[in-house]
Amino acid sequence: MPLFKQDATYYAQEVKAGRLTASQLVDWALENIQDLNPTLKAVAHVQAESARAQAQAHDQLWRQLSESERQELPAFFGVPILLKDLGQLQAGEPSYAGAQLMADYVANQTSYFVERIQALGFIVVGRTNVPEFGFKNISDAQFTGAVSFPGDLTRNAGGSSGGAAAALKAGMVPIVTASDGGGSIRIPASFCGLIGLKPSRGRVPVGPDGYRGWQGASVHFALTKSVRDTWTLLEGLQVEQWAAPYMVPRLSPGPLTLPQRPLRIAYLLDSPLTPQVRLDVANLLRQTVERLAGMGHELVPVDFPVDVIAAARDYTTMNAVETVAMMRGFEASLGRALTPDDMEPMTWGIYQAGLPWDAADYSQLLGRWDQLAADLENFFQDYDLLLTPGTNGPAPLHGSFAASAEMAQRLLDQEGLAKEARTDLIMERWQDSWAYTPWTFLQNLAGQPAIMLPLGKSSEGLPLGVQLWACKGQERVLCQLAAAFEAAGVLETEIIE
């Protein structure tokens, strides 16, 4: 079985040179999915017929071109890719979002993000598994199954891009799309030993199926095995989309270099959401600080520049209110009221938690959110980057964050609870998850970019990531520093066979 051990750029170069064909690559990907997916549950939907047809069209086009014209083909011409099955729609294909409510849904239009993915030459072979509606930092949907980490099947690959991470780490395909509303690219990247960039808000296309994505907190991108894949994809996806509610200036053209000057990098370890940071996590952060200092950068210890607990409460409330809006759409399309039987207890609980909040409440919340973003942008007036741990441990055992029977019942029955008490309940339900992944949600509220890099191992010998964070629009410096780590040979992105 030919696993994809190289990055996507390599396979695109092989296709352009005629040493491999798109049809060969697609057949390999489909074989890998067939062989590995029963164990990993990484892929929720396979589209073999359309993928093979697209591959044949790619091969026919290649044969019609001259050698010089072949080198001008799109950057990822002929490379098979898996889309995340959450908000990345493709006309004529199903999208489950890990939810039984979407069991019969077939998209009638293609997301602009997916259109751009296809324009870069990729061939979509299927869709990757997620937790129900992407609400968790693990992927354990009752409808589509729990996703296993390829290196230890007793552990979860993370969420919400868990299926994507597992598929890439297992070598099913050489690259996968992902999305991030609170760490959903970066958390699985840490757990699975991959590169996970969350771009700036407004960097990549949105619409026409939705333009705000949790009021702009959620963005689409990818998980990769190399910095060149990350950078090439970012250059190919970036837009100045005037029809969108958010936009950042395009990155200046030019190849990615190593950092051109010493950087001033703040770093922090502790989080108010985490009672105790694991020793191996703390050691990896200190080791990274020493590596960066050895590269000539200035490292400055800091504390969080904002009220993390207050931000987490607002994030939780936002999530609940946006869920109400989503569920009203389902009720309108189904012509009936939803019940707890339509979804998992966690999802129902979030839905119920959002119901008491009114428009004035939400307007005030968005005002605080704007101020938080301004405060974090001001923080980066003094620093180029902020370094934090990635996650507070490696890929967790399946069931680690499962709700007790008593908690599940409380989520189902919130009658009589005030709105603040309902937010408290969801915060309580997420307490263990917050403690395990406390460093990845503020960037979503602020719209700032961050990258997760696989720089170490846990005490169990499992992947652990470290996160770098910048102000809006500064993906280049994040990728430059990632390239420096890659050049030093310390990024651990190999597939697990």
*Asks:* Using a 4.5 Å cut-off on heavy atoms from C-beta on, say whether the side chain of Leu223 contacts that of Ile185.
*Replies:* yes

*Asks:* Is the shortest side-chain N to carboxylate O distance from Glu344 to Arg429 below 4.0 Å?
*Replies:* no

*Asks:* Output, in order, the C-alpha distance, side-chain angles, deciding distance and verdict of side chain to side chain contact (heavy atoms under 4.5 Å, CB included) for Trp214 and Asn319.
*Replies:* CA-CA 7 Å; Trp214 287 355; Asn319 198 281; 3.1 Å; yes

*Asks:* Do Phe133 and Leu101 come within less than 4.5 Å of each other through their side chains, counting heavy atoms only?
*Replies:* yes

*Asks:* Taking all non-hydrogen atoms of both residues into account, name the closest pair between Leu20 and Trp28 and its distance.
*Replies:* CD2-CH2, 3.7 Å

*Asks:* Just by distance, do the side chain of Ser184 and the backbone of Ser160 share a donor-acceptor pair under 3.5 Å?
*Replies:* yes

*Asks:* Is it the case that the side chain of Gln88 and the backbone of Asp85 share a donor-acceptor pair, with hydrogens and angles ignored and the cut-off at 3.5 Å?
*Replies:* no

*Asks:* Looking only at atom types and distance, does a side-chain atom of Lys225 sit under 3.5 Å from a main-chain N or O of Gln6, one as donor and one as acceptor?
*Replies:* yes

*Asks:* Nearest 0.5 Å, please: how far is OG in Ser148 from CG in Asn37?
*Replies:* 10.5 Å

*Asks:* Might you work through the side chain to side chain contact (heavy atoms under 4.5 Å, CB included) test for Thr440 and Asp180, ending with a clear yes or no?
*Replies:* CA-CA 9 Å; Thr440 60; Asp180 195 312; over 6 Å; no

*Asks:* Side chains of Arg201 and Asn444: closer than 4.5 Å at any heavy-atom pair?
*Replies:* no

*Asks:* Backbone N or O of Leu256 within a donor-acceptor pair of the Gln480 side chain at under 3.5 Å?
*Replies:* no

*Asks:* Take Thr144 and Asn129 through the test side chain to side chain donor-acceptor pair (under 3.5 Å) and record every step on the way to the result.
*Replies:* CA-CA 7 Å; Thr144 48; Asn129 199 359; 2.6 Å; yes

*Asks:* Is a side-chain donor or acceptor of Ser458 paired with a backbone partner of Gly393 at a separation under 3.5 angstrom?
*Replies:* no

*Asks:* Parallel, tilted or perpendicular for Tyr315 and Trp430, by the 30°/60° rule?
*Replies:* tilted

*Asks:* Do Val227 and Phe485 come close enough that some side-chain heavy atom pair is under 4.5 Å?
*Replies:* no

*Asks:* Begin from the C-alpha positions of Thr317 and Thr423 and carry the test side chain to side chain donor-acceptor pair (under 3.5 Å) through to its verdict.
*Replies:* CA-CA 6 Å; Thr317 302; Thr423 295; 3.1 Å; yes

*Asks:* Within a radius of less than 6.0 Å around CD of Gln431, do more than 12 heavy atoms belonging to other residues, nucleotides or ligands occur?
*Replies:* no

*Asks:* Just how far is it from atom CG of Leu455 to atom CG of Leu468, taken to the nearest 0.5 Å?
*Replies:* 8.0 Å

*Asks:* Looking just at side-chain N and O atoms, do Asp229 and Thr224 make a donor-acceptor pair shorter than 3.5 Å?
*Replies:* no

*Asks:* Run the numbers on Leu464 and Val281 for side chain to side chain contact (heavy atoms under 4.5 Å, CB included), then give the verdict.
*Replies:* CA-CA 8 Å; Leu464 268 184; Val281 172; 4.2 Å; yes

*Asks:* Do the rings of Tyr351 and Trp348 sit parallel, tilted or perpendicular, given the 30° and 60° boundaries?
*Replies:* perpendicular

*Asks:* Say you draw a straight line from CD1 of Ile350 to OG1 of Thr316; how long is it, rounded to the nearest 0.5 Å?
*Replies:* 8.5 Å

*Asks:* Any salt bridge linking Asp27 with Arg52? Criterion: basic side-chain nitrogen under 4.0 Å from a carboxylate oxygen.
*Replies:* yes

*Asks:* With a 4.5 Å limit on heavy-atom distance, are the side chains of Val308 and Leu273 in contact?
*Replies:* yes

*Asks:* Measure across Ala482 and Leu491 and return the closest heavy-atom pair with its distance rounded to 0.1 Å.
*Replies:* O-CD1, 3.9 Å

*Asks:* Evaluate the side chain to side chain contact (heavy atoms under 4.5 Å, CB included) criterion for residues Trp439 and Trp469: first the C-alpha distance (whole Å), next the side-chain angles of each, then the deciding distance (0.1 Å), finally the verdict.
*Replies:* CA-CA 10 Å; Trp439 297 286; Trp469 172 5; over 6 Å; no

*Asks:* Tell me the closest heavy-atom pair linking Asn156 and Phe191, and the distance in Å.
*Replies:* O-CD1, 4.4 Å

*Asks:* Taking only Lys NZ, Arg NE, NH1 and NH2, and the carboxylate oxygens of Asp or Glu, determine whether Glu475 and Arg203 approach each other closer than 4.0 Å.
*Replies:* yes

*Asks:* Can a donor-acceptor pair be found, under 3.5 Å and without considering hydrogens, that links the side chain of His45 to the backbone of Gly126?
*Replies:* no

*Asks:* Can a salt bridge be assigned to the pair Glu428 and Arg410 using a cut-off of 4.0 Å between side-chain N and carboxylate O?
*Replies:* yes

*Asks:* May I ask you to test the Leu233-Ile175 pair for a side-chain heavy-atom distance under 4.5 Å?
*Replies:* yes

*Asks:* Strictly distance-based, threshold 3.5 Å: is any side-chain N or O of Ser190 a donor or acceptor partner for the main-chain N or O of Gly465?
*Replies:* yes

*Asks:* Nearest 0.5 Å, please: how far is CG in Asn108 from CG in Asp209?
*Replies:* 9.5 Å

*Asks:* Is Arg228 paired with Glu486 through a side-chain N to carboxylate O contact shorter than 4.0 Å?
*Replies:* no

*Asks:* Thr21 versus Val26: any side-chain heavy-atom pair under 4.5 Å?
*Replies:* no

*Asks:* Backbone N or O of Pro174 within a donor-acceptor pair of the Asp7 side chain at under 3.5 Å?
*Replies:* no

*Asks:* Considering residues, nucleotides and ligands other than Glu460, do more than 12 of their heavy atoms fall under 6.0 Å from its CD?
*Replies:* yes

*Asks:* Under 3.5 Å, is there a donor-acceptor pair between the side chain of Thr437 and the main chain of Thr391?
*Replies:* no

*Asks:* If you take all heavy atoms of Ala403 and Ala408, which pair is closest and at what distance?
*Replies:* CB-N, 4.4 Å

*Asks:* Quick one: closest heavy-atom pair of Gln467 and Ala450, and the distance?
*Replies:* OE1-CB, 3.9 Å

*Asks:* If you round to the nearest 0.5 Å, how far is CZ of Phe76 from CD of Gln13?
*Replies:* 10.0 Å

*Asks:* Kindly indicate whether the side chain of Tyr112, heavy atoms from C-beta on, has any atom under 4.5 Å from the side chain of Pro208.
*Replies:* yes

*Asks:* Which atom pair, heavy atoms only, marks the closest approach of Leu73 to Lys16?
*Replies:* O-NZ, 3.2 Å

*Asks:* Indicate whether the side chain of Gln90 and that of Arg127 have a donor and an acceptor atom separated by less than 3.5 Å.
*Replies:* no

*Asks:* So does Gln448 get a backbone contact from the side chain of Lys198, meaning a donor-acceptor N/O pair under 3.5 Å?
*Replies:* yes

*Asks:* Nearest 0.5 Å, what's the CD1-CZ distance between Ile138 and Phe149?
*Replies:* 15.5 Å

